[in-house]
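Numbering of ligands and ligand atoms starts at 1, following listing order.
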Amino acid sequence: MKSGNMFSIEVVPAIPRKLSRLEELAGNLWYSWDRPTRSLFAQLHPKLWSVVGHNPKVFLRRVDEQRLQDAAENPAFLIQYHRVLASYDSYQNAPPMLEGQEPYPKGELIAYFCAEFGLHESFPIYSGGLGILAGDHCKAASDLNLPFVAVGFLYRQGYFTQQIDADGNQVVHYVAADFDDLPVVPAMTPDGREAQVSVELPGREVHAKVWQARVGHISLYLLDTDLEINSEADRNITYQLYGGDRHMRIQQEILLGVGGARALEAVGQTPTVWHINEGHAAFLVLERIRKLVAEGLDFAAALEAVAANTVFTTHTPVPAGHDHFDYEMVMEYFNHFWPQLNVDAERFFDLGRDPDNHHVFNMTSLAVRGSRYQNGVSRIHGQVSSGICRKLWPQIDPEDNPMDYITNGVHVPTFLALEWAELFDRHLGGEWRNHLHDPEFWERIDDIPDQQFWSVRLSLKMQLLYSICHRLSAQHARNHGSEAHLDRLLKYCDTDNPNVLTIGFARRFATYKRANLLFQNLDWLREITSGKERPVLFIFAGKAHPADAPGHDLIREVHRVANMPEFEGKVLLVEGYDLGLARRLVAGADVWLNTPVYPMEASGTSGMKAGINGTLNLSVLDGWWGEGYDGSNGWAIKPAPDHFDDAAKYREDARTLYEILQDRVMPAFYSQNKMGYSPQWVRMAKRSMATIIPRFSATRQVREYVSKFYLPAGRQGARYADKGFVAAKTLAAWKAHVLEHWSGVSMRQVEMPPKRIGFGRTVRIEVAVHLGGLKAEDIRVELLLARTSQIKTSTNPVPFLFECKQVLDNEHLFVLEMQPELCGKLSYLIRAYPYHELLTHPHEMGLMAWL
Ligand SMILES: *Cc1c(COP(=O)(O)O)cnc(C)c1O
């Protein structure tokens with residue numbers, strides 16, 4: 001050991017001129033889904049590529065000069081380099097348009113706000129599913145050539161890296177990133193200065209620098225408060241994801257919503273559609289209202305104008321998971337802000353007031369009130385969210401309220417293994433990339449010979465086993481485990497013998513995800529895994545939130561089982577779950593296991609990533625799997641009935657899991673033919689790909705946002721803003737008028753039809769409506785018709801509209817002449833609700849009167 005002070009200096013290699021565009025490739029997250037670009041870097045120095053965590057920018061700073069010089073003179077490398085550049089350039093200049101895709105209207109811009117973005121493992125500004133979904137949304141928006149920008153945080157420390165010690169404890173490490181290492185540059189204002197914004201927090205102004213990341217051809221703007229001009233405490237605001245206390249949380253959210261809107265302005269972007277992806281960003285509504293009020297609009301009209309082009313997506317299936325702050329805290333943080341909205345404190349607080357707790361400001365309530373397009377992220381979650389939010393439209397039945405759903409998807413180029421892409425190129429032609437949303441096209445997967453199909457599956461499994469061995473060995477060595485023990489752990493993790501049924505389970509260790517469902521009955525599990533002829537390997541990975549003690553217990557429980565002599569080597573726990581490990585796991589496992597408590601899985605996306613790679617899902621019928629499962633493409637655990645208590649549900653779901661493993665999964669996997677594969681398995685794996693690729697791709701997802709929300713919101717926003725916001729003002733005034741008079745609206749029967757009629761006959765129904773000061777054209781009177789057995793539960797009974805025919809003394813006579821098209825015992829309901837042609841959703845006011 002030498003004495004003396006140590007000084008450091010970094011020697012940066014000079015990139016040879018022939019390879020100069022490597023830096024450009026390193027500066028665009030296109031590499032996060034373009035595998036040839038990543039292999040270009042990897043080839044230069046495979047070991048270094050792995051050491052730098054697949055980070056192209058760091059790689060280019062550390063690679064030996066000689067390697068670069070050699071590559072610049074290596075014809076094979078140069079051919080590949082130019083091939084990558086050609087495809088990069090053609091993507092940048094004109095991303096391919098998909099079949100049936102219309103060009104987006106000129107002048108529109110969609111702004112997408114989220115607290116995290118998961119684009120690549122070397123860019124640690126995500127923690128889990130929400131971030132990866134947001135990253136995939138951006139990638140698909142780029143693929144679809146949408147006018148799109150995104151806004152988030154550039155975290156200094158990001159989410160933690162995870163180690164698991166010899167006792168199964170999660171050890172958390174936060175590593176401060178050097179932003180030079182990340183694929184970002186300072187964002188510029190239109191006049192060429194580095195963009196900075198500020199927000200007011202109690203007693204001070206906090207400044208944030210705006211960074212820009214390129215994702216294909218779209219930009220992601222990221223806020224960073226780690227500036228000298230800020231106090232030490234304020235510099236911390238963008239240090240960690242979901243760290244700190246309630247104060248930290250509200251400061252982050254003010255920065256994201258208010259600061260994010262200002263950041264877009266600073267860089268010269270003017271969105272026409274605003275998407276709040278999860279409640280964290282909902283404060284952007286306040287900032288937009290503030291700006292319109294400053295331009296002279298009144299509060300109510302400004303709210304209408306803002307909501308008209310705002311989209312809100314909720315991802316949380318439990319009310320407690322929705323972000324909220326108490327009255328005093330919100331008032332402390334907004335006391336300089338709400339007076340700028342030209343309302344009193346109560347009216348301001350009403351925007352976020354939680355219907356169940358009037359002292360609480362709920363970010364979901366704010367987001368719903370500040371948007372006219374709202375959705376959950378799967379069919380089941382849409383229903384759950386309609387229920388959670390029902391009090392925001394108090395008189396509307398949950399199934400009729402505006403909360404809709406768009407099921408999540410995954411970015412296929414990111415998660416589909418390279419080997420599949422190559423196989424598709426050979427058998428389906430290169431155009432498969434333009435048919436990602438076309439179910440008919442994917443039926444052609446049957447044309448791929450079973451044996452070739454299976455050999456890809458095997459090779460992906462070998463890559464997985466190799467990588468697990470590698471990771472576990474390092475983990476084991478660090479924890480001072482013995483060689484002999486390591487051999488035992490790795491006995492099924494054998495790349496020479498990949499014919500082991502391999503079951504993956506990787507996701508956040510949150511209790512509702514029930515990582516331990518598999519361990520409910522260890523005797524049964526022992527029986528399933530004890531056959532020498534039919535080995536089974538379970539691989540677990542995932543992080544627990546640092547503050548989630550029960551989540552840490554789950555990790556310890558998996559660790560404990562993994563170390564029981566009878567499960568040694570059969571149950572493995574691998575540390576450091578991230579995007580890189582996820583890509584390997586979802587593609588290499590045979591089965592992807594998911595066992596959440598129904599209906600707590602809003603969507604779940606790792607199962608989609610597995611499914612597109614031919615890995616078979618074995619999952620509780622919850623989230624996306626409620627739509628994805630079709631009986632032929634995997635296995636479903638039908639959740640235990642709702643009236644069971646938690647323990648009974650746990651027992652029942654575990655029993656179903658063991659039975660499926662024992663009776664379905666193992667026999668299907670091990671009924672192998674002479675060629676060494678199971679034809680039944682291959683059939684299912686092909687079904688999995690053919691059904692899941694077109695329906696659960698991020699391309700399908702983003703296209704659905706476009707047609708259902710972005711295009712209508714853009715039109716509605718323009719319509720409300722036209723001619724000095726006349727429509728917004730009109731609608732706001734009309735709503736105030738209706739609200740004031742609605743309690744006076746009532747109906748009574750005048751003439752009811754006979755109890756029985758012949759088919760084809762018309763019946764006449766009359767109701768007299770007391771309008772309580774409203775006009776006849778302010779309301780709609782509607783009859784809902786359905787079979788008697790379905791009338792109360794049906795989500796789409798046939799509606800018939802009454803017409804106002806006559807003005808009586810104090811009432812208006814509404815008449816309906818109806819010809820039922822159904823026969824049998826029918827029932828009907830009659831209702832009235834406010835109507836204005838400017839409304840975005842017929843029930844957005846939440847008002848309804850029933851006869
Ligand atoms: C896809 C993904 C998730 C989300 O998966 P779920 O099934 O929704 O839990 C979380 N983390 C990583 C690293 C992923 O790739």
Side-chain angles (χ1 to χ4, degrees), residues 32-33 53-54 114 116-137 139-140 158-162 241-242 277-278 313 315-317 321 376-378 380-381 407-417 464 467 471 504-515 517 539-545 548 551 554 574-589 591-597 599-613 615 617-620 622-626 628 634 692 696-698 701:
S32 69
W33 68 93
H54 308 158
C114 191
E116 48 172 313
F117 289 86
L119 293 149
H120 189 250
E121 58 268 28
S122 66
F123 193 16
I125 56 169
Y126 66 96
S127 77
L130 177 70
I132 288 152
L133 176 88
D136 281 4
H137 199 97
K139 292 171 181 178
Y159 207 51
F160 63 93
T161 50
Q162 177 200 48
L241 275 110
Y242 313 127
N277 193 46
E278 192 53 306
T313 303
H315 294 262
T316 316
V377 290
S378 69
I380 294 170
H381 180 244
T407 305
N408 285 343
V410 293
H411 190 243
V412 173
T414 300
F415 291 104
L416 185 74
L464 170 64
S467 139
R471 283 167 180 263
F505 181 106
R507 48 186 50 81
R508 208 152 40 85
F509 277 107
T511 43
Y512 81 87
K513 299 226 184 207
R514 294 195 300 197
L517 191 77
I539 303 174
F540 284 82
K543 294 176 177 177
H545 187 281
D548 177 14
L554 274 178
V574 193
E575 67 190 14
Y577 186 47
D578 68 1
L579 262 165
L581 179 55
R583 278 198 310 274
R584 280 240 180 284
L585 273 170
V586 295
V591 174
W592 195 250
L593 181 65
N594 190 19
T595 50
V597 181
M600 303 281 277
E601 183 84 315
S603 165
T605 52
S606 59
M608 303 173 189
K609 301 168 195 167
I612 64 172
N613 281 290
T615 296
N617 279 278
L618 164 50
S619 169
V620 169
D622 193 7
W624 79 282
W625 195 228
I692 294 171
F696 298 97
S697 74
Q701 171 201 316

Among all protein heavy atoms, pick out the one at the shortest distance from [atom]; state its residue, atom name and that distance to 0.1 Å.
atom                    : answer
atom 11 (N) of ligand 1 : Y577 CE2, 3.4 Å
atom 4 (C) of ligand 1  : G129 CA, 3.5 Å
atom 7 (O) of ligand 1  : S606 OG, 2.5 Å

Which of the atoms of ligand 1 are close to [X], meaning less than 4.0 Å from one of its heavy atoms?
X    : value
R507 : 9 (O)
T605 : 1 (C), 4 (C), 5 (O), 6 (P), 7 (O), 8 (O)
I132 : 2 (C), 11 (N), 12 (C), 13 (C), 14 (C), 15 (O)
G604 : 7 (O), 8 (O)

My understanding is that only one of K139, K609, Q701 makes a side-chain contact (heavy atoms from CB on, under 4.5 Å) with V410; could you say which?
K609

Distance in Å, [X] [atom1] paired with [Y] [atom2], rounded so as to fall on 0.5 Å steps:
X    : Y    : atom1 : atom2 : result
S603 : L133 : OG    : CG    : 7.5 Å
W624 : T605 : CH2   : OG1   : 10.0 Å
H545 : Y159 : NE2   : OH    : 5.0 Å
F123 : F117 : CZ    : CZ    : 10.0 Å

In sequence, state the C-alpha distance, the side-chain angles, and the governing distance for L464 and L585, and then conclude on side-chain contact (heavy atoms from CB on, under 4.5 Å).
CA-CA 6 Å; L464 170 64; L585 273 170; 3.7 Å; yes

List the atom of P599, the atom of P317, and the distance in Å for their closest heavy-atom pair.
O-CB, 3.8 Å

Heavy-atom check, side chain of Y512 versus side chain of E601, under 4.5 Å
yes

At a non-hydrogen distance cut-off of under 4.0 Å, which region of [X] contacts ligand 1 (side chain, backbone, both, or neither)?
X    : value
V410 : neither
K609 : side chain
A582 : side chain
K513 : side chain

